[in-house]
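Structure, as structure tokens:
Chain letters run A, B, ... following the sequence lines, proteins first, then strands; residues in each count from 1. On a predicted model such as this, the values are computed, not experimentally measured, just so you know.
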Amino acid sequence: MNTEIFLYNSLTRRKEKFTPIQPDRVGIYVCGPTVYNHSHIGHGKSYVSFDVIVRFLRFVGYKVLYVQNITDVGHLTDNADEGDDKIENEAKKEKINPMEVVETFMRSYFDDMDRLGIRRPDISPRATGHIMEQIELAKRLVEKGYAYVADGNVYFNIAKFPEYGKLSGRKPEDLMAGARVDIRSEKKNPGDFAIWKKAEAGHIMRWPSPWGDGFPGWHLECSAMSMKYLGDTFDIHGGGIDNQFPHHECEIAQSEAASGKSFVRYWLHNNMVTSNGLKMSKSLGNFVTLKDAFKKHDPITLRFFILQSHYRSPLDYSDQSVEGAGKGLERLKNVLRQLRSIVDKSGTEIDFDNLPEEPVNLRRYFSEWLTAMSDDFNSPSAIAALFEMLKDVNSLLSSPNPMSKETACTIISFINKLAGEVLGIIPSEDQAGNRESIEPDLVNLLIQLRADARRNKNFKLADDIRSELQKIGVIIEDNKDGTAYRIVR
RNA sequence: GGCGACGUACCCAAGUGGCUAAGGGAGAGGUCUGCAAAACCUUUAUGCGGCGGUUCGAAUCCGCCCGUCGCCUCCA
């Protein structure tokens with residue numbers, strides 16, 4: 001597909017035309033979770049956003065390699081390279097091995113992401129699986145004079161890297177002027193950050209290194225693993241805006257100092273999920289886990305809710321807002337269901353370069369959708385284009401002229417592709433049907449009985465059947481072609 | 001204190017110089033219906049936090065003010 005994509009690059013603070021290093025390939029790295037706890041809605045927003053970005057890049061024809069790490073060591077509880085390792089901390093609390101903590105919450109993470117309809121990254125490298133690469137990187141930085149050893153710790157010397165601060169727009173002097181108090185006197189500059197940490201006695205997660213037993217600093221893994229799988233310079237690096245500083249700034253410093261090359265061409269940062277206007281975060285304790293949210297809301301509805309705002313805008317989470325989104329999404333599902341009742345087969349190929357303008361102007365709506373998505377992945381605007389199309393389709397469906405099977409089929413494919421395959425906001429075909437179940441037959445039997453009752457003007461019985469079915473989540477609707485049902489829950 | 005972002009209808013939310021300010025939810029009226037539901041039609045911001053300025057023209061650019069948030073310390 002011939003389309004130009006523009007994206008907002010945090011590094012230049014402007015929208016830029018996207019030009020990958022290789023014409024048809026895109027390498028993208030997104031900072032993954034630290035797996036010491038269940039994921040919350042903020043994680044959901046971040047990974048849904050990047051999932052859609054990757055899906056869209058693939059849709060327009062790029063071969064994408066998507067790498068997203070799992071942090072399972074080195075992430076400390078406190079500021080300025082102090083405090084305990086978060087994983088180890090949790091392990092001690094539960095009296096289990098740190099790797100059990102990792103395994104538990106990594107599975108939990110993938111399970112939540114699967115439910116949100118997020119396609120798994122192509123590579124999910126773990127920090128503990130790349131200790132060698134991290135030590136090699138640290139060694140190179142020491143050899144080149146960018147890092148120094150102090151009491152078994154290795155620190156990056158930010159004074160040796162004049163570009164430190166270029167991503168976040170900060171100067172080391174400003175940082176020092178802040179309230180931050182540095183207690184590590186062994187650092188040459190207060191802003192120096194740990195690449196490798198010495199393991200004190202009693203520290204469980206430890207690996208031998210040229211500087212003694214220790215473990216990698218948090219920032220190091222992303223540099224080591226992204227460059228290993230995507231090369232010294234790659235196209236896109238994504239993550240939460242809260243990681244822009246210091247995490248991503250440190251990644252740039254380490255990577256560029258080591259390789260002597262430019263690290264990342266486009267930096268993408270998603271904004272935060274707030275709750276009552278305040279950032280949802282583990283440390284504030286005001287977060288809603290995805291597992292809890294799923295008890296109230298359908299995961300795909302949550303995904304739709306997330307995509308109804310732009311990835312760079314903050315999103316305030318409330319049950320009321322998600323429910324509103326859910327009703328909107330129902331409209332999309334209703335249309336699909338009606339179309340499917342016209343034809344039972346679907347999934348025909350559709351030529352996006354040659355779309356019909358009649359009876360529904362798919363050419364125009366696709367153009368609007370594509371323009372929105374190409375403009376810094378503007379999913380809310382793209383969704384608006386789809387809803388405008390729905391209005392036309394519904395108009396046609398409620399008009400006396402029936403829609404041809406061919407038209408219905410084309411529209412189904414259109415929706416499946418744009419709303420399903422790219423945005424991921426409608427359940428896939430196999431989830432929607434093909435279920436080995438007697439449930440449809442049973443419901444249809446009840447609908448038949450109710451039809452008989454209605455014919456005999458026994459509306460009491462007919463209404464009872466309808467309301468009892470509703471109680472167990474089956475909604476009955478009488479249309480002019482008969483009675484349809486849908487399942488809500 | 002430093003850096004950055006945002007403030008659009010009852011709610012959510014696009015739009016960043018120029019036709020009538022997208023879309024969703026909610027509300028109101030109507031059509032259809034045994035009644036519902038769904039759907040359709042009509043409708044709800046001479047207005048985009050406030051005040052100035054630039055311009056033929058601004059929600060959109062500039063300045064000031066008010067308010068909210070993020071980062072500067074772990075967080076997607």
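- Each of B/A39, B/C71, B/A22 was ranked by its minimum atom distance to the side chain of A/N394; first place goes to B/A39.
- Note: CG (A/L390) to P (B/G24) measures 9 Å, nearest angstrom.
- In this structure, of B/G34, B/A14, B/C72, it is B/C72 that holds the atom nearest to the side chain of A/R170.
- Listed nucleotides: B/C74, B/A76, B/A22. Nearest to the side chain of A/P246: B/C74.
- B/A45 and B/A21: their P atoms are spaced 11 Å apart (whole Å).
- A/H310 comes within contact range of the sugar-phosphate backbone alone, with a heavy-atom separation under 4.0 Å but no base atom that close.
- Of the listed nucleotides (B/A14, B/A76, B/G24), B/A76 has the atom at the smallest distance from the side chain of A/H40.
- Relative orientation of the A/F215 and A/H203 rings is parallel, given thresholds of 30° and 60° on the angle between their planes.
- Applying the 4.0 Å criterion to OP1 and OP2 of B/G70, one finds that A/R312 has every side-chain N and O outside that range.
- The aromatic rings of A/F287 and A/H40 sit tilted, their planes meeting at an angle between 30° and 60°.
- Listed candidates were B/A13, B/A14, B/C35. Nearest to the side chain of A/L315 is B/A13.
- For the P atoms, the distance linking B/U43 with B/G50 amounts to 26 Å, nearest Å.
- In this structure, CE of A/M272 is placed 15 Å from P of B/C6, rounded to the nearest angstrom.
- Spacing between atom CD1 of A/I465 and atom P of B/C35 amounts to 19 Å, rounded to whole angstrom units.
- What separates CD1 of A/I241 from C1' of B/G4 is a distance of 8 Å, to the nearest Å.
- Judged by closest nucleotide on RNA chain B, A/R13 is the one of A/R13 and A/D316 placed further toward the 5' end.
- For A/R454 against B/G34, a side-chain N or O and a base N or O form a donor-acceptor pair under 3.5 Å.
- One N or O donor and one acceptor, one from the side chain of A/R466 and one from the base of B/A36, sit under 3.5 Å apart.
- Rounded to a whole angstrom, the distance from the C1' atom of B/G25 to that of B/C65 is 34 Å.
- Using bins of under 30°, 30° to 60° and over 60° for the plane-to-plane angle, the ring pair A/W267/A/F263 lands in the tilted bin.
- Position along RNA chain B of the nearest nucleotide to A/E323 versus A/G32 favours A/E323 as the more 5'-ward residue.
- Here A/G239 lies in heavy-atom contact (under 4.0 Å) with sugar-phosphate atoms only.
- Contact annotation: A/T274 does not reach the phosphate of B/G70 (side-chain N/O to OP1 or OP2, under 4.0 Å).
- Separating the P atom of B/C51 from that of B/C66 is a span of 15 Å, rounded to the nearest Å.
- Within 4.0 Å of A/K391, counting heavy atoms only, lie sugar-phosphate atoms of the nucleic acid but no base atom.
- In this structure, of B/A76, B/A37, B/A13, it is B/A37 that holds the atom nearest to the side chain of A/R486.
- The side chain of A/F245 has B/C71 as its nearest neighbour among B/A76, B/C71, B/A13.
- As rounded to the nearest Å, B/C62 and B/G70 have P atoms that lie 25 Å from one another.
- As rounded to whole Å, 13 Å separates atom C1' of B/A76 from atom CD1 of A/I41.
- Interface remark: the A/D478 side chain does form a donor-acceptor pair with the B/C35 base, using a distance-only criterion of under 3.5 Å.
- Between the CZ atom of A/R331 and the P atom of B/A37 there is a distance of 16 Å, rounded to whole Å.
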Between A/T274 and A/D316, does the side-chain hydrogen bond (donor to acceptor under 3.5 Å, both in side chains) criterion hold? Intermediate values first, please. CA-CA 5 Å; A/T274 58; A/D316 198 63; 2.6 Å; yes
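- The aromatic ring centres of A/Y8 and A/H310 sit 6.0 Å or more apart.
- Per the geometry, NZ belonging to A/K166 stands 24 Å off P belonging to B/C71, to the nearest Å.
- At a threshold of 4.0 angstrom between heavy atoms, the contacts of A/F387 are confined to the sugar-phosphate backbone, with no base atom among them.
- An OP1 or OP2 oxygen of B/C71 is reached within less than 4.0 angstrom by a side-chain nitrogen or oxygen of A/K279.
- Across the P atoms, B/A9 and B/G49 are found 8 Å apart, a figure rounded to whole Å.
- Using a 4.0 Å heavy-atom criterion, one finds that A/S395 contacts the sugar-phosphate atoms exclusively.
- An aromatic stack links A/F459 and the base of B/G34, using centre distance under 5.5 Å and interplanar angle under 30°.
- The side chain of A/K327 places an N or O atom within less than 4.0 Å of a non-bridging phosphate oxygen (OP1 or OP2) of B/A26.
- The separation between A/M280 atom CE and B/A76 atom C1' is 12 Å, rounded to whole Å.
- The shortest heavy-atom contact between A/Y47 and A/P33 is OH-N, 3.3 Å.
- Under a 4.0 Å N-O distance rule, the pair A/K327/A/E330 does not qualify as a salt bridge.
- Looking at heavy-atom distances under 4.0 Å, A/I476 makes contact with a base.
- Checking B/G70, B/C35, B/A38 against the side-chain heavy atoms of A/D463 singles out B/C35 as nearest.
- Rounded to the nearest Å, the gap between the C1' atom of B/G27 and that of B/C11 is 11 Å.
- The base of B/G34 lies outside donor-acceptor range of the side chain of A/N458, with no N or O pair under 3.5 Å.
- Aromatic ring centres of A/F105 and A/H38 lie closer together than 6.0 Å.
- Here, B/G18 and B/A13 have their C1' atoms 24 Å apart, quoted to the whole Å.
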